[in-house]
Amino acid sequence: MAGTDHIEARIHRWLVSHSISVLRLSMGAVLLGFGILKYFPGMSPAQGLVVATLHRLTLGLVPHLVPATVAMDCVATLESVIGVLLLVGRWMRPTVALLMVHLVGILTPVVLLPGRIFGGPHHMPTLEGQYVLKDVVLLAAGLVIATTVRGSALTVRQKSVDGSPAGVTTSTSGGIAKGT
């Protein structure tokens, strides 16, 4: 059993040390991929929903003042920039601020367009609705990433040989720092 505990402890230390970075990188890749798709008309399954949401958010001004293609390019650019910044891991405070604004924006169809989101049989989510609802996971991931901006850390409580707490190992988003 002691061998299993040792292996589990090593895995746990690795997870504490690297999981925030893995989350940041995977979220960056997802946002960059979604952003790039929006540059190509008809390629993003969210295109119609994005245009309809922007139309509602701007009280119908988007098609009159700014063509829908320009609005889509702005959303594509925002997602792509956030994705690249998450991948690079630099300028995290402005990145997290942009990410939170973006995440609020991508969840607004739930409030503004509930018929499009829950218009399936028995008010079940449509395909567009499922696309929006998966963003709840992105919101949660963004919140976890946001916690590390000011230096918060995951911790591992290590036990001494007799089972009493021996110290705490902490990690922000990569390296391990020893603490007590």
Can you name the closest pair of heavy atoms from [X] and [Y] and give their distance?
X    : Y    : answer
T126 : G120 : CG2-N, 3.5 Å
A71  : L54  : CB-CD1, 3.6 Å
G35  : A76  : O-CB, 3.3 Å
A141 : M27  : CB-SD, 3.7 Å

Given the rule that I, L, V, M, F, W and Y join up when any side-chain heavy atoms are under 4.5 Å apart, are [X] and [Y] in one cluster?
X    : Y    : value
L138 : V149 : yes
I36  : V81  : no
F40  : F34  : no
I82  : I145 : yes
L139 : L78  : yes

#### Entry: Donor-acceptor pair, side chain of K134 and main chain of Y131, under 3.5 angstrom
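Side chain of K134 to backbone of Y131: a pair is present.
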### Query
Looking only at atom types and distance, does a side-chain atom of S26 sit under 3.5 Å from a main-chain N or O of V22, one as donor and one as acceptor?
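Side chain of S26 to backbone of V22: a pair is present.
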Starting at [atom1] of [X], measure out to [atom2] of [Y] and round the result to the nearest 0.5 Å.
X   : Y   : atom1 : atom2 : value
D5  : E8  : CG    : CD    : 6.5 Å
R13 : H18 : CZ    : NE2   : 11.5 Å
T69 : K38 : OG1   : NZ    : 15.0 Å
S19 : H12 : OG    : NE2   : 8.5 Å

Mind checking whether [X] and [Y] have side chains closer than 4.5 Å, heavy atoms only?
X    : Y    : answer
L25  : L86  : no
T148 : M92  : no
L133 : F118 : yes

Donor-acceptor pairs are to be reported for all side-chain atoms of residues 93-117 against protein atoms at under 3.5 Å, with residues two or more places apart or in another chain.
{"unit_1": "T95", "atom_1": "OG1", "unit_2": "W91", "atom_2": "O", "d": "2.7"}
{"unit_1": "H102", "atom_1": "NE2", "unit_2": "E79", "atom_2": "OE2", "d": "3.2"}
{"unit_1": "T108", "atom_1": "OG1", "unit_2": "G105", "atom_2": "O", "d": "2.7"}
{"unit_1": "R116", "atom_1": "NE", "unit_2": "E128", "atom_2": "OE1", "d": "3.0"}
{"unit_1": "R116", "atom_1": "NH2", "unit_2": "E128", "atom_2": "OE1", "d": "3.4"}
{"unit_1": "R116", "atom_1": "NH2", "unit_2": "E128", "atom_2": "OE2", "d": "2.8"}

### Query
Can you name the residues that form a side-chain contact (heavy atoms from CB on, under 4.5 Å) with L127, not counting sequence neighbours?
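Here the qualifying residues are Q130.
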#### Entry: side-chain contact (heavy atoms from CB on, under 4.5 Å) partners for L37, two or more places apart
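With neighbours one apart ignored, the set is M43, S44.
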